[in-house]
Amino acid sequence: MLNVSRSSRRVLPREVQRLRKSLRAPLSRALATSSEPYDTIVIGGGPGGYVAAIKAAQLGLRTACIEKRGSLGGTCLNVGCIPSKAMLNNSHLYHQAQHDFKKRGISIGEMSLDLPTMLQAKDQSVKELTKGIEGLFKKNKVDYIKGTASFSSSNRVSVKLNDGGETEVEAKNIIIATGSEVAPFPGGAIEIDEKTIVSSTGALELQEVPKKMVVIGGGIIGLELGSVWSRLGAEVTVIEFLGGIGGVGIDEEVAKSFQKLLAKQGLQFELNTKVLSAEKQSDGTVLVKTESAKGGSEKTFNANVVLVSVGRRPVTTGLNLDKIGVEVDNKGRVVVDDQYNTTVQGVKCIGDATFGPMLAHKAEEEGIAAAEFIKSGHGHVNYAVIPSVVYTHPEVSWVGKNEQELKAEGTQYKIGKFPFLANSRAKTNQDMEGFVKFLVEKDTDRILGVHIIGPNAGEMIASAALAMEYSASAEDIARTCHAHPTLSEAFKEAAMAAYEKPIHF
């Protein structure tokens, strides 16, 4: 380690920086010692990867994590979940100040949007959290290698270092956690330039509020980012191929209520509509051509910005998976068994690069389980109890089965529902839209699914997940004391409605 006195640092800062830079690449290469391989190498430093690396190190495994981005946290922290939530929160405050404060007795006079500062606040949150993960790596003694990884063999990884040069590291176990990327528009009919035709990444970096925005795709990402720019003043139209919004897993009743509430906020919806193309015009706008999903009935939309939000795809390009024999399916997902083993011994895969919903918290759970499988042969993820959240306002969350799934299965079920309109805390907060909905097995009263639309739905869904993890009944929830006055009382009353009758409705 370079040892420099305080006086030297003051007198020769440039020389010290040059020395440190020159030593950086050799230090990274020093990590690769064939005589002492790692117990575990994790490729990818996103939510699944960095959690897997920390857990492996906590279990006593000598661990390294390779990440090419140059900052940890993956898509979620750098250009996804975290920055979008910063923009959702701050745009909601702005919208409230404009449309809600006056009726609450709060007068603030003239108000304006300072978009550069709002974007800066988003970036600052990201910076602090990525540095926090680096701190966790140091605390848990995880070696952090900044570079692009590819397999040399089933237990050796070649790394092109971000600072220049290459190294090779060896491990007894390797976990692929390379995540996902924005899926291109099908057929390549729309080209993303991240300026006027943007992905979720570009939508978080717009330097001015567009007058008109078209969002292609009415799933979680499209609705969240559409809400952000709608609150800030854009006229937003969401075009969705399917007949409802919210994406996979959302309950149809909730989706219909959700759409009505967003429409009240100013978002416009074109459902059952297929986008044919998006072409830039000479005046800088984009012309979006559509037709009915069933064919015919063409329609055009003009926008200043078009957000393409049609899903994500696994990132495996450049890993040399075919070289070592790792199998992928027809969607590009790495094939794994119930212990995340790929078709190559010693190589596992977790997160968005393999099966299941592309959710950060799902990847985290798999990261922990994969490390535990390596250490002890035992690990656990309950895929029936992975919650989903849409962070609009109101929020939407769910866990377990929805009503249409239960009908398709032929499961006999009961419904317990309670509106926030009848909840005292929601009433005093003047935030009463939405409801809590329980789906329980008819004969046993076991909770099969919970769906919430309303204030703090994303926080409340954790109670449902915990209850379902322990196979609780609706009566178990109903007979558990909930503090008054809280929004969670709506959760309790919905459970009461599922097995008997609610008190306050």
Side-chain angles (χ1 to χ4, degrees), residues 40-57 63-87 122-138 140 142-150 157 159-160 162 174-183 194 199-205 220-221 224-225 309 311-319 332-334 336 340 348-371 381 386 388-389 391:
T40 304
I41 289 173
V42 182
I43 303 175
Y50 84 73
V51 168
I54 290 172
K55 186 62 179 180
T63 304
C65 181
I66 305 168
E67 170 55 52
K68 66 182 180 181
R69 190 185 295 270
S71 63
L72 295 165
T75 293
C76 175
L77 178 46
N78 288 275
V79 293
C81 319
I82 298 302
S84 66
K85 301 313 166 282
M87 292 297 288
K122 162 186 68 74
D123 294 339
Q124 184 62 28
S125 297
V126 170
K127 182 179 179 181
E128 290 174 0
L129 287 167
T130 54
K131 290 297 181 184
I133 300 172
E134 286 192 37
L136 291 173
F137 271 14
K138 291 176 183 177
N140 290 282
V142 175
D143 288 337
Y144 174 25
I145 306 174
K146 298 181 181 182
T148 302
S150 61
V157 177
V159 186
K160 289 185 178 179
N162 290 358
I174 299 174
I175 301 175
I176 301 168
T178 44
S180 62
E181 63 185 0
V182 172
E194 300 297 15
S199 69
S200 56
T201 301
L204 290 166
E205 297 295 337
I220 292 176
I221 295 172
E224 288 185 348
L225 294 176
S309 181
R312 300 183 64 82
R313 64 182 181 185
V315 173
T316 56
T317 303
L319 287 175
R333 298 173 300 189
V334 176
V336 297
Y340 312 106
K348 295 181 183 290
C349 183
I350 61 169
D352 289 4
T354 186
F355 72 95
M358 291 183 173
L359 297 170
H361 44 281
K362 173 256 193 186
E364 289 180 358
E365 295 305 310
E366 290 179 338
I368 291 172
V381 176
I386 295 179
S388 294
V389 183
Y391 294 90

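Everything numeric here is computed off the predicted structure, so don't read it as measured data.
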In Å and rounded to the nearest 0.5 Å, what is the [atom1] to [atom2] distance from [X] to [Y]?
{"X": "Leu77", "Y": "Ser71", "atom1": "CG", "atom2": "OG", "result": "7.0 Å"}
{"X": "Ile54", "Y": "Leu136", "atom1": "CD1", "atom2": "CG", "result": "4.5 Å"}
{"X": "Thr148", "Y": "Leu319", "atom1": "OG1", "atom2": "CG", "result": "10.0 Å"}
{"X": "Arg333", "Y": "Ser180", "atom1": "CZ", "atom2": "OG", "result": "12.5 Å"}
{"X": "Cys81", "Y": "Ile220", "atom1": "SG", "atom2": "CD1", "result": "10.0 Å"}
{"X": "Thr75", "Y": "Arg312", "atom1": "OG1", "atom2": "CZ", "result": "4.5 Å"}

[X] side chain near [Y] side chain, heavy-atom distance below 4.5 Å:
{"X": "Glu205", "Y": "Lys122", "value": "yes"}
{"X": "Ser200", "Y": "Val79", "value": "no"}
{"X": "Pro314", "Y": "Val334", "value": "no"}
{"X": "Tyr340", "Y": "Val381", "value": "yes"}
{"X": "Glu67", "Y": "Ile133", "value": "no"}

Does [X] use its side chain to pair, donor to acceptor, with the backbone of [Y] at less than 3.5 Å?
{"X": "Glu194", "Y": "Ser199", "value": "yes"}
{"X": "Thr354", "Y": "Ile350", "value": "no"}
{"X": "Asn78", "Y": "Leu72", "value": "yes"}

If you compare all heavy atoms of [X] against all heavy atoms of [Y], which two are closest, and at what distance to 0.1 Å?
{"X": "Ala52", "Y": "Ile175", "value": "CB-CD1, 4.2 Å"}
{"X": "Ala177", "Y": "Gly48", "value": "CB-C, 4.4 Å"}
{"X": "Tyr50", "Y": "Gly45", "value": "CD2-O, 3.7 Å"}
{"X": "Ala371", "Y": "Ala56", "value": "CB-N, 3.7 Å"}
{"X": "Ala57", "Y": "Thr63", "value": "N-OG1, 3.6 Å"}
{"X": "Gly73", "Y": "Pro47", "value": "O-CD, 3.5 Å"}

Problem set entry | From CA spacing to verdict: side-chain contact (heavy atoms from CB on, under 4.5 Å), Lys348, Val336 | CA-CA 7 Å; Lys348 295 181 183 290; Val336 297; over 6 Å; no

For this session: Please determine if Glu364 and Lys55 form a salt bridge, counting it only when a charged side-chain N lies under 4.0 Å from a carboxylate O.
Result: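 Looking at Lys55 together with Glu364, the answer is no, because their closest N to O distance does not fall below 4.0 Å.
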
For this session: Check salt bridge (Lys or Arg N to Asp or Glu O under 4.0 Å) between Glu365 and all other residues, then give those that pass, not counting sequence neighbours.
Result: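 If we apply the salt bridge (Lys or Arg N to Asp or Glu O under 4.0 Å) test to Glu365, skipping adjacent residues, there are no hits.
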
Problem set entry | Neighbour count above 12 (heavy atom, 6.0 Å) for Lys85 NZ |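 Yes, NZ of Lys85 has more than 12 neighbouring heavy atoms, counting only those of other groups under 6.0 Å.
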
Problem set entry | Of Thr178, Val157, Ile174, the residue whose pairing with Ile66 passes side-chain contact (heavy atoms from CB on, under 4.5 Å) |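 Exactly one candidate clears the test, Val157.
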
For this session: Cation-pi check, Lys362 to Phe355: give yes when NZ or CZ is under 6.0 Å from the six-membered ring centre and within 45° of the ring axis, no otherwise.
Result: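 Yes - Lys362 lies over the ring of Phe355, closer than 6.0 Å to its centre and within 45° of its axis.
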
